[in-house]
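Have a look at the structure below before the remarks.
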Amino acid sequence: MSKTKLIAGNWKMNGVKSYVEDLAKPLAEFMNQKQCESTNEDSYEMLICPPFPILDRVVQIAGESKLMVGSQDCHTAVSGAHTGDTSATMIKDIEATHAIVGHSERRADHAETNEIVKAKAAAANEAGLVSVICVGEVKEEREAGKEIEVVSKQLEESIPAGATAENTVVAYEPVWAIGTGLVASIQDVEDMHKAIREKLATMMSDFENVKVLYGGSVKPANAKEILATENVDGVLVGGASLSAESFIEIAKSATC
Ligand code: PEP
């Protein structure tokens, strides 16, 4: 089934004030300009997820353009005694639209379990955000041929009740491909995305409409092939989203 591709950028812990002007602004201008063009209008949407200190500024820059802005995490609670954390309600309050949850770097650096990821996704959805739930196997799991088993379990345990295609995006990111320059083969991407769709079919009635993104060393040179793969509804991009030029090039690779 063909749908509008989602081109999402995860800036990770990169982004000081100057990124607002130098990176977010050209992307907002590009999306504004795209809105005025009659062709290719609906082939892709663009989302960027900057770090918290500049999130509000980036939302302001995105303004009325079609550039969407999200966070890289959220807390499970609405408010309270959680020093240093940010709730989904606060993220929604500044008019961001998405929250990445369960990125492998958070699973590893902050010991986030599937249970925590599920609670974060539920909190994001309850606040009115779209949760971008990340899953993916580590190298040893793939080498042992357990990647589909691992990812299926992550989906089962990380997707909250009430998740729909409207409030949930799934990002498949093989951990060994993140920031390493290694990319899963197209066949591997196709097989995993098919398995994810089948798993979603057991969990969500509108599973066909759920966007399933691929992430892991996506760049302009490989984006077209990845985006053309069956069941790939977009990409989650780290390193290459830190240049407006390369991120726009990746977006332009998308066709419905
Ligand atoms: C990511 O951070 O989600 C990611 C996929 O990073 P990179 O594109 O740099 O591999």
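Both ligands and their constituent atoms are indexed starting at 1 by order of listing. This structure is a prediction, so every number in the text was calculated from the model and none was measured. Count residues from 1 along the sequence.
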Worksheet, complete the sentence: Using heavy atoms and a strict 4.0 Å limit, residues surrounding ligand 1 turn out to be Asn10, Lys12, His103, Glu173, Ala177, Ile178, Gly179, Gly215, Gly216, Ser217, Leu236, Val237, Gly238, Gly239
Item to complete: Might you point out which heavy atoms bring Ile226 and Tyr214 nearest each other, and give the distance in Å?
Response: CG2-CD2, 3.8 Å
Worksheet entry | Minimum side-chain heavy-atom gap Arg57-Glu21 below 4.5 Å | no
Worksheet item: Is it the case that Glu173 and His103 place a side-chain donor and acceptor less than 3.5 Å from each other?
Response: yes
Worksheet item: Quick one: ring pair (Phe, Tyr, Trp, His ring centres under 6.0 Å) partners of Phe247, sequence neighbours excluded?
Response: none
Item to complete: Mark yes or no for whether Ser246, through its side chain, and Ala240, through its backbone, hold a donor-acceptor pair below 3.5 Å.
Response: yes
Discussion item. Once you measure the plane-to-plane angle for Tyr44 and Phe30, does it fall in the parallel (<30°), tilted (30-60°) or perpendicular (>60°) bin?
Written reply: parallel
